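For reference, the structure discussed in these notes is given below.
Quick note: numbers below take in every heavy atom, side chains included, and nothing from hydrogens, waters or symmetry partners. The structure displayed is predicted, hence computed values, not measured ones.
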Amino acid sequence: MTSFSPEPEPERLRVLAGFAHPDDETLTGGGILAWLARGAEVHVVTANRGERGEVIPGDIAHLEGDGPALAEVRVAELAGALDALGVAGHTFLDALPGLTGRRRERYTDSGMQWDGDSRVRAIPDPAAGRDALTTQDSAVAARLLAAHIRRLRPHLVLSDEPGGGYGHPDHIRMHELMRRSLELAAEEQLEPMADDDPCADLEPWRVPVAAWVVRPESSARAAAAWLATTPSRPRLTSLGRALTVADPDAEMATIVRPDAQVDLVVDTADVAGRVAAAMRAHRSQVQDAQLLAEIDGESVEGYSERGGALGWFALSNEVLQPFTAHVGLTVAPGWGSTTALRGALAAAEPQQGSGEVSPVMVPGEDAEEVPAWYAVLMRAFTAVLGVVMAAATTAFHRWEPPFGLVLALLAIVASGTLSRSFADRLGVIVHAVAVAATVIALAYVRPGGDVVVTDEAIGTIWLLGAVLMTAVPGLLPARWFRDGR
């Protein structure tokens, strides 16, 4: 009798997300964390306890300015939010073991202040204390995170973008720590910092893909425009304070990225209820979180046309913001690819259940990633195209001056644009080199020299103009081409 061993179950995707304060995991990452948690094991690291945050509700307003007391409240709020999002594991940065003699007991909130009249651009607060995240040794903090990565061995790491969402110094520092910890965790020969270096006895781990949580600009502006004009939005907070809305055409926070810089967009509408619950858990920081689906007579149909807007919420500044389903992800340079990121998201899709999996989109592009052999072939094609076009236009440029010259120069631009369409910016460079080499060869290399391009002014213009025109396609907007993804 033949026996068969059951195939081992595939390893469950592990995700690690790092954010600065309690509520950032929800306001920045809530949609994608809840979406991933349906089929992945999601872990979160929070840098500090938000001791310097403002407080909204009147019953706890006295806690503002009392760092330790507010921290207790925000820790409890964070626990509720993480539970709503479906997060499997959480730790604070200062709770990670190791290097006790190299750091203070706590990492605390560094605070911030607004840059002039801006409400989307923060700058450091000079009153940050010695315990603040931004004033403590970043090398130590990064080593703690690196050890956590080695222990957890995540397949996907998420964090703020380099600008910290809106410039908050703690957000920026946490991004820097996450980036540095990725490098340290992967290093094969890592010198210990001290006898209790937490990385010392752990195997290196190179995270397959890391990404920044961002918002596509087209979605952000469309959602802001909808919120500014929808008649159903509230004009007052539940506490009776006046609510305003942002100008959809104004400067936006750094978390909002041009669509060409966003690698994937995830539609998280299916988990909007979880995210709303997490927002409501952070009652000291978030107010009036409301989904259209919860309002009688309101429809959520067509939400993609309004930038993914499903509702609204406000923070302590009483500026109403759109609650959006569209979450952007940008692959961190050197840490994977769009294909790897798409694969990680696919691995997080639930294996069971009747709900339809939310789509993962490439902004402005539905096609699959092109294979490497295609890119090589197309770059070779651009070289051949450059040689053929340069030879033809060099022979043609003297026809009916100046019409032949103008048409020849436009033909060079057209062939360069075609090269970028088939290849990428490297294809434009290959095309440019081929054109320049061919034109110069036809001008000077043949016996007797100056056979096709003469010493007349039109010849000089052609010689220089043809080379300059090859640069034009490289200056065209990236979103028009494949390399704009």
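Side-chain atoms of Leu96 and Arg151, non-hydrogen and from C-beta on, do get closer than 4.5 Å to each other. Contact check for Leu315 versus Leu27: side-chain heavy atoms found under the 4.5 Å cut-off. Taking the side chain as every heavy atom from C-beta outward, Gln290 and Ile295 approach each other to under 4.5 Å. You'll find the side chain of Val87 stays beyond 4.5 Å of the side chain of His43, heavy atoms only. Between Tyr166 and Ile255 the shortest side-chain heavy-atom distance does not fall below 4.5 Å.
In summary, the side chains of Ser218 and Asp259 do present a donor paired with an acceptor at a separation below 3.5 Å, with no hydrogens or angles considered. One side chain, Asp170 or Ser110, offers a donor N or O that lies under 3.5 Å from an acceptor on the other. Side-chain atoms of Ser415 and His431 form a donor-acceptor pair, as typed in the model, at a separation below 3.5 Å.
A cation-pi geometry, defined here as NZ or CZ lying under 6.0 Å from the six-membered ring centre and within 45° of its normal, holds between Arg206 and Trp335.
With sequence neighbours excluded, the residues satisfying salt bridge (Lys or Arg N to Asp or Glu O under 4.0 Å) with Arg143 are Asp197. Partners of Arg221 by salt bridge (Lys or Arg N to Asp or Glu O under 4.0 Å), not counting sequence neighbours, listed by chain and number: Glu217. Evaluation of the side-chain hydrogen bond (donor to acceptor under 3.5 Å, both in side chains) rule for Asp115 yields Arg121 as partners, not counting sequence neighbours.
Legend: salt bridge (Lys or Arg N to Asp or Glu O under 4.0 Å) pairs involving residues 300-328, not counting sequence neighbours, sorted by first then second residue: Arg241-Glu318. The salt bridge (Lys or Arg N to Asp or Glu O under 4.0 Å) analysis of residues 64-81, with sequence neighbours excluded, yields the pairs Asp23-Arg74. Every pair passing salt bridge (Lys or Arg N to Asp or Glu O under 4.0 Å) that includes a residue from residues 156-165 is listed here, sequence neighbours excluded: Glu161-Arg257.
Using a cutoff of 4.0 Å between basic side-chain nitrogens and carboxylate oxygens, Glu183 and Arg180 are scored as salt-bridged. Ion pair Arg52/Asp125 flagged as a salt bridge, since at least one NZ, NE, NH1 or NH2 atom sits closer than 4.0 Å to an Asp/Glu carboxylate oxygen.
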Val15 vs Val157, side-chain contact (heavy atoms from CB on, under 4.5 Å): CA-CA, chis, key distance, verdict: CA-CA 6 Å; Val15 180; Val157 166; over 6 Å; no
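Remark: aromatic rings of His21 and His171 are close, center separation under 6.0 Å.
Summarising the geometry of Leu33 relative to Glu25, their closest heavy-atom pair is CD1-O, 3.6 Å, with the distance given to 0.1 Å.
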